[in-house]
Amino acid sequence: MKSYESLIIIKPNLSDSEVTTLIETIQGWITANEGEIVLSKPWGIKELSYPISKFTQGHYYQVQFNATRKTLVEMRNRIRVTESILRDLNVTMESIQSKNPVQEEVASIAE
Amino acid sequence: MEKKKQVIKRRTKKRRVCAFCVDKVDVLDYKDLSKFRRFVTDRGKIVPRRNSGICAKHQRALAEAIKRARFIALLPFCVD
């Protein structure tokens with residue numbers, strides 16, 4: 001088991017309910033394979049720095065979870081075949097989170 | 001003669017300290033844009049080490065964080 005973080009960009013033309021359903025589906029992919037969700041945070045619609053597939057905006061969704069390598073691979077395969085997802089970035093928590101407990105909140109861009 | 005000597009006199013080197021070493025940063029989060037905004041030029045390029053004054057270790061971490069932020073469209077690859 002390892003801790004991971006995924007940041008997913010969802011197409012902006014989806015309605016709020018569709019986005020919520022998709023987020024639940026994503027959570028389902030993690031929990032189905034003995035994964036455990038630590039943090040789940042939709043950032044809402046945000047302007048992209050450059051267009052991706054001709055979209056200039058996107059719904060950002062941040063999720064942190066504990067899972068095995070296999071679960072992560074499974075999840076990424078499913079993301080790849082989901083058309084509503086524009087892009088995803090998966091990183092290990094150890095590469096972004098300090099081991100020291102003294103760490104400021106990352107709140108600058110989430111708003 | 002006195003004057004010429006003064007001109008030749010070498011400029012005293014300014015001691016530069018890595019900004020991240022001062023703050024004792026060990027890992028850089030790609031989401032924390034405010035932390036590395038000033039190490040990206042107006043054109044979206046990563047500022048080289050000779051200009052930023054960052055140590056090698058932190059420059060590597062910085063480059064990784066910026067590249068991640070670019071991939072997920074938080075930062076632009078280039079600004080025209």
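Note on naming: letters A, B, ... go to the chains in the order of the sequence lines (proteins, then strands), and numbering restarts at 1 for each one.
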So what's closer than 4.5 Å to chain A heavy atoms on B:Arg70: side chain, backbone, both or neither? backbone

Residue B:Ile72 versus chain A: region with a heavy atom under 4.5 Å: both

Any donor-acceptor pair under 3.5 Å from [X] side chain to [Y] backbone:
| X | Y | value |
| --- | --- | --- |
| A:Glu18 | A:Ser15 | yes |
| B:Arg49 | B:Ile54 | yes |
| A:Ser40 | A:Val63 | no |
| B:His58 | B:Val25 | yes |

Output the residues of residues 24-32 of chain A for which the shortest heavy-atom distance to chain B is under 4.5 Å, in residue-number order; output 'none' if no such residue exists. none

I would like to know whether A:Phe65 and A:Ser6 meet side chain to side chain contact (heavy atoms under 4.5 Å, CB included); could you show each step before the answer? CA-CA 8 Å; A:Phe65 54 95; A:Ser6 291; 3.5 Å; yes

If you tally heavy-atom pairs under 4.5 Å against chain B, which of A:Ile9, A:Val91, A:Leu89, A:Leu48 wins? A:Leu89

I need the minimum non-hydrogen distance between B:Ala73 and A:Tyr60, along with the two atoms involved.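 Here B:Ala73 and A:Tyr60 meet closest at O-OH, 3.5 Å.
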
Is A:Ile52 in contact with chain B via its backbone, its side chain, both, or neither, using a 4.5 Å heavy-atom distance?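 Contact with chain B: side chain only.
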
Start with the C-alpha gap between A:Thr92 and A:Lys2, add the side-chain angles, then the distance that decides, and say whether side chain to side chain contact (heavy atoms under 4.5 Å, CB included) holds. CA-CA 8 Å; A:Thr92 54; A:Lys2 231 175 170 181; 4.2 Å; yes

Start with the C-alpha distance between A:Thr68 and A:Thr71, add both sets of side-chain angles, then the distance that settles side chain to side chain donor-acceptor pair (under 3.5 Å), and finish with yes or no. CA-CA 5 Å; A:Thr68 54; A:Thr71 311; 2.8 Å; yes

